[in-house]
Amino acid sequence: MRLDLQHDASELAMKRHSVRTYLPRMVEERELAICMAPLTDETGIFGAKTRYAAVQVDQTPSKLGTYGMIRDAKTFLAAVVSKKELRAGYLQVGYQLEQTVLIATDNGMGTCWLGGTFDKTAFFQAAGVDEEEQLVIVLPIGYPSGKTRLLEHIVRGTAGSANRRPFEKLFFQAANGEPLSEKMAGALALPLSCVRLAPSAINKQPWRVFVSPTAAYFYLDGGKEKPTIPDIRYVDLGIAMCHFEAGAIQAGLQGSWVFEDPELSVPMAYEFIGAWIINKN
Ligand SMILES: Cc1cc2nc3c(=O)[nH]c(=O)nc-3n(C[C@H](O)[C@H](O)[C@H](O)COP(=O)(O)O)c2cc1C
């Protein structure tokens, strides 16, 4: 992953929040191109084909509804995957589109992941989705109005959006499964703190990471609802992996993603997603 950021990833992870009210202005072409730079086949790590359509409200005949969730956004990015590879596609959308979110935040813009609250028919048409494809996410992108409407306060309060689980409930020692404190995490404390601040659908934070001296192993905690494909929580995992890598780059670490299950002893409900192996120099 190559992210050209002016601010530290950890600062951006802290600053980013879902923006649901925008100034009624289209994103300028140059700024949109900068934000969309990571959305290419080359940046995918999950081997899926993903496609991103920029949808401009003023150039679209039908009304792009979001059930009132988003106000005045004029630009949306629609993330589309092939129905043949939904698991890898969902993971990859999370990993790639969160890079766009970080770049947008870096440039003072706002975004909000939408996995459910958008008018499917209108966005299908606007993004030219065909029968072989699935529209996974719609992401409004634009200039925040600075105002928060009552509906947003309610949505944020219901999801507990301002809160995150404690470090020790998300991260564990690979050797024995015991909780990992921020202090014990050493050089990985910064990338893991970026994971902890990541956005997730209904703020469920389904990411669990097991850490050894040489690697960070990412799992999806399915809880009582075992993931069925497609499951929006795969997007959450892709986002978390993006935050981890951005934080690792900031911390001066080098590593690479591998996808072979290490068969660690973990709870039954955990599904292995991928591991970041630290390159030792
Ligand atoms: C994959 C995904 C899907 C989401 N879908 C919706 C959605 O349909 N509607 C909505 O209002 N917010 C949606 N959100 C936003 C989350 O509710 C929000 O990220 C979470 O509550 C944390 O709040 P924050 O982003 O302000 O930190 C989604 C987030 C993610 C990552």
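Whatever order the structure lists them in is the order used to number ligands and atoms, beginning at 1. All of these numbers come straight from a predicted model, not from anything done at the bench.
Comparing Y234, Y90, F118, W113 by heavy-atom distance to atom 28 (C) of ligand 1, the nearest is W113. Selection from R20, R156, K204 by nearest heavy atom to atom 26 (O) of ligand 1 gives R156.
Using a 4.0 Å cut-off between a side-chain N of Lys or Arg and a carboxylate O of Asp or Glu, E182 and R196 do not qualify as a salt bridge. A salt bridge is absent between E132 and K49: the closest approach of a Lys/Arg side-chain nitrogen to an acidic carboxylate oxygen does not fall below 4.0 angstrom.
Protein heavy atom nearest atom 18 (C) of ligand 1, with residue, atom name and distance: S18 OG, 3.6 Å. What sits closest to atom 1 (C) of ligand 1 on the protein, heavy atoms only, is D236 OD1, 3.5 Å. If you check which protein heavy atom lies closest to atom 23 (O) of ligand 1, you get S161 CB, 3.3 Å. From the protein, the heavy atom lying nearest to atom 20 (C) of ligand 1 is S200 O, 3.5 Å. Looking at atom 7 (C) of ligand 1, its nearest protein heavy atom turns out to be T117 OG1, 3.4 Å. For atom 5 (N) of ligand 1, the closest heavy atom belonging to the protein is G115 N, 2.9 Å.
Under the rule for a side chain to side chain donor-acceptor pair (under 3.5 Å), the partners of E42 that lie at least two apart in sequence or sit in another chain are T40.
When heavy-atom distances to ligand 1 are checked against a 4.0 Å cut-off, H17 comes that close through both its backbone and its side chain. When non-hydrogen atoms are compared, ligand 1 lies under 4.0 Å from the side chain of I239 (C-beta onward) but not from its backbone.
Taking the ring axis of F118 as reference, the NZ or CZ atom of K120 stays within 45° of it and closer than 6.0 Å to the ring centre.
A continuous path of Ile, Leu, Val, Met, Phe, Trp and Tyr side chains, each step under 4.5 Å between heavy atoms, connects M1 with F46, placing both in one hydrophobic cluster.
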Practice task
In sequence, state the C-alpha distance, the side-chain angles, and the governing distance for L237 and Y90, and then conclude on side chain to side chain contact (heavy atoms under 4.5 Å, CB included).
Solution key: CA-CA 9 Å; L237 261 293; Y90 273 50; over 6 Å; no
Practice task
Evaluate the criterion salt bridge (charged side-chain N to carboxylate O under 4.0 Å, His left out) for residue pair K204 and E225; output intermediate values, then yes/no.
Solution key: CA-CA 12 Å; K204 272 202 178 167; E225 306 146 49; 3.3 Å; yes
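The distance from ligand 1 to the heavy atoms of I232 drops below 4.0 Å at these ligand atoms: 1 (C). Within ligand 1, the atoms closer than 4.0 Å to a non-hydrogen atom of P199 are 19 (O), 25 (O), 31 (C), numbered from 1 in the order shown. Near M69, meaning under 4.0 Å from one of its heavy atoms, ligand 1 places the atoms 11 (O). Taking a cut-off of under 4.0 Å to the non-hydrogen atoms of V235, the atoms of ligand 1 that pass are 1 (C).
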Atom pairs and distances, donor-acceptor, side-chain atoms in residues 63-74, under 3.5 Å, two or more places apart:
unit_1	atom_1	unit_2	atom_2	d
T66	OG1	I70	N	3.0
T66	OG1	I70	O	3.4

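The backbone N or O of S10 sits nowhere less than 3.5 Å from a side-chain atom of D8 that would complete a donor-acceptor pair.
Under the 4.0 angstrom criterion for non-hydrogen atoms, R164 is in contact with ligand 1. By the 4.0 Å heavy-atom criterion, R16 is counted among the residues contacting ligand 1.
Some N or O of G116 is nearer than 3.5 Å to an N or O of ligand 1, by distance alone.
In this structure, a donor-acceptor pair under 3.5 Å is present between the side chains of R149 and T21. Under 3.5 Å, the side chains of Q99 and T43 contain no donor-acceptor pair of N or O atoms.
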